[in-house]
Amino acid sequence: MIYADNAATSFPKAPGVADAMRDYLDRIGASPGRSAHRLSIEAARIVFEARETLAALLGMDDSSRMIFTPGATFGINAALLGLLRHGDEVIASSMEHNAVMRPLRHLEGERGVRVRVAQTDGSGLVDPRQLGDLVTDRTRLVAVMHASNVTGTVQPVAEVSREIGPVPLLIDGAQSIGSLPVDLSRLGPCLYAFSGHKGLLGPPGIGGLCIGEGIDLEPLVRGGTGSRSEREEQPDFLPDLHEAGTPNAVGIAGLLAATRYVTERSVMSIREHELALFSRLADGLRGIPGVTLFGTADPERQLATASITIDGLSPSDAAHILDREHAILVRPGLHCAPSAHRTIGTFPAGTIRISLGPFNTADDVESILEAVADLAQNQTPPG
Ligand code: PMP
């Protein structure tokens with residue numbers, strides 16, 4: 001079996017993740033930051049180390065500005081609902097995922113937030129100048145994903161941050177963390193939301209939101225934090241302001257093991273591995289008659305994610321045949337990003353997305369190319 005659906009969630013997970021989660025459940029089990037006993041202290045140490053390790057990976061000076069969330073979706077919602085008020089204006093790229101667009105459309109209806117969509121080019125690439133030019137004195141936020149889950153296009157977020165000046169930039173980092181170097185200290189004011197279960201190679205159900213210096217968010221959820229328990233008001237300090245309720249310590253234990261693996265192997269070496277695989281995959285796909293590859297032509301501007309269509313075969317039929325006859329697992333359709341598919345001209349059928357990860361091999365790529373060539377030649381939908 002070849003797993004090529006890493007943009008949905010990575011598989012396999014990093015070595016050590018399952019052991020760390022089992023160890024937490026078998027040996028620790030307690031709630032971090034709640035009781036002063038030894039097991040609670042041990043759980044709190046795991047949470048602290050995970051926060052520090054993630055902050056270091058992302059180039060953050062102050063780890064308390066990284067809050068744990070159940071994933072990128074929650075972090076993006078916390079950022080948008082916590083920041084935007086009636087009359088504010090938001091600029092979002094046309095490649096954004098529904099994790100961004102759905103809360104924005106909700107805020108448009110409920111809070112009168114004005115949503116302006118900045119059209120990218122057909123490869124999915126934003127134009128930082130265009131974004132800078134769209135900013136007005138009512139622009140409260142610009143939302144640009146770090147890399148597309150549809151085409152793998154990597155956005156020039158540093159240039160965008162420069163062009164929009166003091167306006168905060170919301171970066172959906174769901175696809176970039178662990179796959180691309182991220183240094184938040186080199187960006188202007190920004191919010192960076194991520195999941196632990198994709199490029200970080202950790203478990204689902206845990207992720208985070210990095211809140212740039214000077215950005216204040218209303219909390220999305222309020223409740224017990226184990227701190228200032230004498231008060232009925234939410235603590236006003238980070239990270240407790242945004243971390244109400246018993247934390248997902250088992251998820252955080254897995255995420256810590258995953259982040260340590262990624263840090264030790266190094267994001268740069270993962271990037272090099274994936275870039276080599278992607279370059280070969282993209283070259284091979286471009287050479288198959290009847291196959292269209294989307295995204296940019298420059299592998300340096302790409303994640304190891306290839307979205308394709310095959311003439312005469314629907315993406316869902318193609319994915320079905322790849323699974324059934326070739327044991328190659330990919331994801332067809334719209335990938336929760338209808339606006340991105342409209343942008344690249346593949347709405348409503350979508351594409352076949354082949355997304356590679358750190359554990360794929362050069363042999364996997366050759367097998368995928370052979371199977372796609374076979375499909376393109378024979379194009380028989382399943383009966
Ligand atoms: N943004 C992008 C670009 C994604 O690919 C995903 C996951 N499909 C998300 C946001 C949401 O991530 P999660 O489901 O982990 O909250």
Side-chain angles (χ1 to χ4, degrees), residues 3-11 13 17 54 66-81 92-106 117 120 124-126 142-155 157 160 169-180 182 190-210 220-221 242 248 251-252 254-255 258-259 274 294-295 302-307 329-344 350-351 353-357:
Y3 185 82
D5 195 15
N6 288 278
T9 196
S10 55
F11 185 74
K13 299 304 179 186
V17 168
L54 282 159
M66 197 234 93
I67 58 161
F68 285 107
T69 66
T73 303
F74 193 103
I76 290 165
N77 273 265
L80 296 175
L81 279 88
S93 92
S94 65
M95 291 300 284
E96 299 308 301
H97 188 276
N98 271 345
V100 170
M101 293 317 297
R102 285 183 172 172
L104 281 183
R105 294 300 177 205
H106 168 77
V117 175
T120 71
L125 205 55
V126 302
V142 173
V144 173
M145 65 199 337
H146 196 177
S148 167
N149 63 311
V150 172
T151 55
T153 307
V154 177
Q155 304 293 4
V157 286
V160 172
L169 175 63
L170 171 62
I171 304 172
D172 172 354
Q175 296 293 329
S176 63
I177 194 162
S179 302
L180 294 173
V182 177
C190 71
L191 294 140
Y192 179 89
F194 64 92
S195 315
H197 66 95
K198 297 186 194 245
L200 275 182
L201 312 172
I206 188 73
L209 173 68
C210 307
L220 196 55
V221 177
H242 295 289
N248 175 5
I252 294 173
L255 186 60
T259 310
E274 292 186 352
F294 297 87
Q302 290 288 139
L303 292 177
T305 293
S307 244
L329 313 189
V330 298
R331 179 167 172 196
L334 294 173
H335 316 100
C336 301
S339 176
H341 280 279
R342 284 199 175 91
T343 300
I344 64 168
T351 54
R353 184 183 68 186
I354 304 162
S355 52
L356 305 173

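Numbering of ligands and ligand atoms starts at 1, following listing order. Residues take their numbers from the sequence shown, with the count starting at 1. This structure is a prediction, so every number in the text was calculated from the model and none was measured.
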A.B. asks: When you look for heavy atoms under 4.0 Å from ligand 1, do you find them on the side chain of Asp172, its backbone, both, or neither?
C.D. replies: side chain
A.B. asks: Within a distance under 4.0 Å of any heavy atom of Asn149, pick out the atoms of ligand 1 and give their elements.
C.D. replies: 3 (C), 5 (O)
A.B. asks: Any non-hydrogen atom of His197 lying under 4.0 Å from ligand 1?
C.D. replies: yes
A.B. asks: To check your reading of the model: name the closest protein heavy atom to atom 14 (O) of ligand 1, its residue, and the distance in Å.
C.D. replies: Thr73 OG1, 3.7 Å
A.B. asks: Please name the pair of heavy atoms, one in Asn77 and one in Ala99, separated by the smallest distance, quoted to 0.1 Å.
C.D. replies: ND2-O, 4.1 Å
A.B. asks: CG of Asn248 to CG of Leu255: how many Å apart, nearest 0.5 Å?
C.D. replies: 9.5 Å
A.B. asks: Looking only at protein heavy atoms, identify the closest one to atom 4 (C) of ligand 1 and say how far it is in Å.
C.D. replies: His97 CD2, 3.4 Å
A.B. asks: Might you point out which heavy atoms bring Val150 and Ala337 nearest each other, and give the distance in Å?
C.D. replies: CG2-CB, 3.8 Å
A.B. asks: Rounded to the nearest 0.5 Å, what separation is found between the CE atom of Met145 and the CG atom of Leu170?
C.D. replies: 10.5 Å
A.B. asks: For atom 7 (C) of ligand 1, what's the nearest protein heavy atom and its distance?
C.D. replies: Lys198 NZ, 2.4 Å
A.B. asks: Please state which protein non-hydrogen atom is closest to atom 12 (O) of ligand 1 and give its distance, to 0.1 Å?
C.D. replies: Ser195 OG, 3.4 Å
A.B. asks: Please list the nearest protein heavy atom to atom 5 (O) of ligand 1 with its residue and the distance rounded to 0.1 Å.
C.D. replies: Gln175 NE2, 2.7 Å
A.B. asks: Tell me every residue that passes ring-ring contact (aromatic ring centres under 6.0 Å, His included) with His341, counting only those two or more places apart in sequence or in another chain.
C.D. replies: His335
A.B. asks: Show me which atoms of ligand 1 lie under 4.0 Å from any heavy atom of Ala174.
C.D. replies: 1 (N), 2 (C), 4 (C), 6 (C), 9 (C), 10 (C)
A.B. asks: As an exercise, identify every atom of ligand 1 less than 4.0 angstrom from a heavy atom of Ala99.
C.D. replies: 10 (C)
A.B. asks: Test Val117 against every option in Glu96, Arg342, Met101, Met95 by the side chain to side chain contact (heavy atoms under 4.5 Å, CB included) rule and name the one that passes.
C.D. replies: Met101
A.B. asks: Would you give the length of the straight line joining atom CZ of Arg102 to atom CG of Leu80, rounded to the nearest 0.5 angstrom?
C.D. replies: 14.5 Å
A.B. asks: Taking all non-hydrogen atoms of both residues into account, name the closest pair between Ala78 and Leu209 and its distance.
C.D. replies: CB-CD2, 4.2 Å
A.B. asks: For Met145, take its heavy atoms, then give the atoms of ligand 1 lying under 4.0 Å from any of them.
C.D. replies: 3 (C)
